[in-house]
Amino acid sequence: MTEILTAVIPVVIIGVICAAVLVIASKIMAVKEDERFPKVRECLPGANCGACGYAGCDGYAKALCEDGSVPTNLCIPGADGVAKQLSEVLGVEFEDVVEQVAVVHCSGDCDHTQDKVVYQGIETCAAAKLLYGGKGSCTYGCLGLGDCQRACPHDAVCIENGIARINTRQCIGCGVCTKACPNHLISLVADVERVVVACANKDKGVETRKVCSRGCIGCKKCERACPFKAITVQNNVAVIDYEKCNDCPDFGICARVCTTGCIVQTDLNGMHRFK
Amino acid sequence: MTKLIIILLSAVFINNYVLSRFLGICPFLGVSKKLDSATGMSLAVIFVMMLSTAVTYPIQFYLLEPNNLGFLQTIVFILVIAALVQLVEIILKRYIPSLHKSLGVYLPLITTNCAVLGVTILNVQEYPVAGATTFWWGFAQSMVNSLGSGLGFFLAMVMFSGVRSVIEGSDVPKSFKGLPVTLVAAAITSLSFLGFGGVIENLFA
């Protein structure tokens, strides 16, 4: 018994002394924490997706507390609701959030393009991409093995008929899938837009035509049809400048003139519209 | 005096805690990304090493050994070091918040850092207050050894942050990106330190 006591008592005494020193030190040298931080953190959704450009929700909340010039409308998954709360807590003016949804720039599903090889490797796009640019005949297109689907935190992506499709009603606009795609086919587009180019093939029209019947052949019909000069063909693929594309009197003309049907009219109204 | 210099230099180069004894790898890999946070971390480690040696050495020879409590060494040392690191953290948070921020989670990690515990335990083993030496001579040797160990950690961190900035700029295969290539680089850096073996003793021979 005495052996145990002679061991326990010194350790306890040392522990108590250390604790006392620490308590005194933390009382004397206490730092005032920003009391807004927990409130600001509370407003954010906690998805830690990084769409705001900070390292997770904690990082954004910290930046908001410390630097008054950080805008409150950076949280895309949270949308207007979160921005409103944030501006209330921080006492700044409310700024509208541009809600975004992900868009896949490929429409080469199994009906419009073919496989050039039978792929039996690891079922990820990144691995398939390493072998001759994927199993599909088009090396720019969707590999269809679902890297984006696995990356999506909100189950908004599915692989349908060989290519990725985004369920815009589910998409929170975090942009995780845009980084997961090895062909960089997914981009974020403001959810008010209504036309997208669903092709990313940068080959000449003849080459594109050979591999996919929905591919952009760079015919420039859309370029001539657009009243605002918002569409340009760059690197043999049409690109829409969304800053110029607005309130078109002849809406959807680009999609109608497109010979291959790679410019599509869609409804990008995301989940935020339906809240 | 020569003995102290030998202890200092061999602690920095030959028995480098990170690169030869492989202690304190966690902060070595974690904080060596940027030179300024590597420097900050190393300064904190030097400080904590010396402070904890200064406290644990007397505890060992005035409290534990006379009372036959040598078996409590590990737990008492950890207790004391943890409290010291917490104290350092409180002080840094109050007076040098920028350093506190750049050290981040690694400062609390010094609490259970094996390099710090290793220094204190090796000090009482290698420089004991035995019949031949007095307390103050052993204490001086221990302090010099912990200073050298801290400086060695500093050297390794600064060198490795340079290595890492080169790695960052180079085209690494995807499967090697991040930790794997860092570990390979660390192994090569550690190999280079083996070249110091036997140099220091012969300097003063």
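Every chain is numbered from 1, with letters handed out A, B, ... down the list of sequences.
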Exercise. Contact part of Leu63(B) toward chain A, heavy-atom cut-off under 4.5 Å: side chain, backbone, both or neither?
Worked result: side chain
Exercise. To the nearest 0.5 Å, what is the distance between CG (Leu69(B)) and OG1 (Thr6(A))?
Worked result: 5.5 Å
Exercise. Is Phe135(B) atom CZ crowded by more than 12 heavy atoms from other residues, nucleotides or ligands, each under 6.0 Å away?
Worked result: yes
For this session: Please indicate whether Leu194(B) has more than 12 foreign heavy atoms, meaning atoms of other residues, nucleotides or ligands, lying under 6.0 Å from its CG.
Result: yes
Exercise. Which pair of heavy atoms, one from Ala25(A) and one from Leu87(B), lies closest together, and at what distance?
Worked result: CB-CD1, 3.4 Å
Exercise. Crowded around Phe47(B) CZ? As in, over 12 foreign heavy atoms under 6.0 Å?
Worked result: no
For this session: State whether the number of non-hydrogen atoms from other residues, nucleotides or ligands found under 6.0 Å of Asp155(A) atom CG is greater than 12.
Result: no
Seminar exercise, completed: Within residues 49-62 of chain B, contacts to chain A at heavy-atom distances under 4.5 Å involve none
Problem set entry | Enclosure of Glu42(A) CD (heavy-atom neighbours >12, cutoff 6.0 Å) | no
Seminar exercise, completed: Most contact-rich option vs chain B, by heavy-atom pairs under 4.5 angstrom, among Leu22(A), Ile28(A), Ile14(A), is Leu22(A)
For this session: Give me the contact list for residues 115-123 of chain A versus chain B, heavy atoms only, anything under 4.5 Å, ordered by residue number.
Result: none
Problem set entry | Nearest atoms (heavy-atom pairs only) where Met29(A) meets Arg94(B) | O-CD, 3.4 Å
